[in-house]
Amino acid sequence: TSAISLYSQSLMLAKAKEEWDQEIVDKQAEKERYLSERVTPLHTSGLSLSQLQDLCRELHEKVEIVDEERYDIEAKCNHNTREIKDLKIKVLDLRGKFKRPPLRRVRVSADAMLRALLGSKHKVSMDLRANLKSVKKEDTEKERPVEVGDWRKNVEAMSGMEGRKKMFDAAKSPTGQ
């Protein structure tokens, strides 16, 4: 039985190869027929200069028409590929297997946030900035006295172990002295 199945498989392969070869020959013949139908041979012998120029103009017009068709087909193809890409992304979104994009910071007012959380029953507006402590600029400038002096004396005073001790003592004391 294995010999019979091997023989039948070899017959099927031989028939498939024969049909494939015939299909290639048919496609080549169809291509030649189509080209002979669409592309007529040029007869330029015996034509005057004006007739050759007219022939060139005709050929240029045909080339422009073909270029326009090619451009239109290319645009349709690009549109279709973009649409396919978008549909693939939608399919991935529906499956839930997609990469999450990085979150962006969105400015939302307190009223809009409460409205989103509580729904339409939120009528009261809250001013969150009203509870903040106000700081005057003048007070902060008065707190820090600016000492202007010779920087070399300060460096000499802080150098060595005595300077480190002074810095340690200054950090320990609550008044900073």
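Everything numeric here is computed off the predicted structure, so don't read it as measured data.
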Please tell me if the side chains of [X] and [Y] come closer than 4.5 Å, counting only heavy atoms from C-beta onward.
| X | Y | result |
| --- | --- | --- |
| E30 | K27 | no |
| Q22 | E18 | no |
| L47 | D54 | no |
| L35 | K31 | yes |

Worksheet entry | CA sep, side-chain torsions, deciding dist, call: R57, Q53, side chain to side chain contact (heavy atoms under 4.5 Å, CB included) | CA-CA 6 Å; R57 284 189 194 102; Q53 288 175 345; 4.0 Å; yes

Distance, nearest 0.5 Å, that separates [atom1] of [X] from [atom2] of [Y]:
| X | Y | atom1 | atom2 | answer |
| --- | --- | --- | --- | --- |
| L87 | L94 | CG | CG | 10.5 Å |
| H79 | I84 | NE2 | CD1 | 10.0 Å |
| R82 | D86 | CZ | CG | 8.5 Å |
| H60 | L55 | NE2 | CG | 10.0 Å |
| I73 | N78 | CD1 | CG | 12.0 Å |
| C56 | E61 | SG | CD | 11.5 Å |

Fill in: Residue pairs, two or more places apart or on separate chains, that pass side-chain hydrogen bond (donor to acceptor under 3.5 Å, both in side chains) and touch residues 36-49
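Those involving residues 36-49 are R33-E37, Y34-R38, S48-S50.
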
Item to complete: Inspect the surroundings of CD1 in I4 and state if more than 12 heavy atoms from other residues, nucleotides or ligands are less than 6.0 Å away.
Response: no

Discussion item. Run the salt bridge (charged side-chain N to carboxylate O under 4.0 Å, His left out) test on E58 and K62 for me, step by step, so that the C-alpha distance in whole Å, both residues' side-chain angles and the decisive distance to 0.1 Å come before the verdict.
Written reply: CA-CA 6 Å; E58 282 180 34; K62 288 180 181 179; 5.0 Å; no

Worksheet item: Salt-bridged, K17 to D21, with N to O below 4.0 Å?
Response: yes

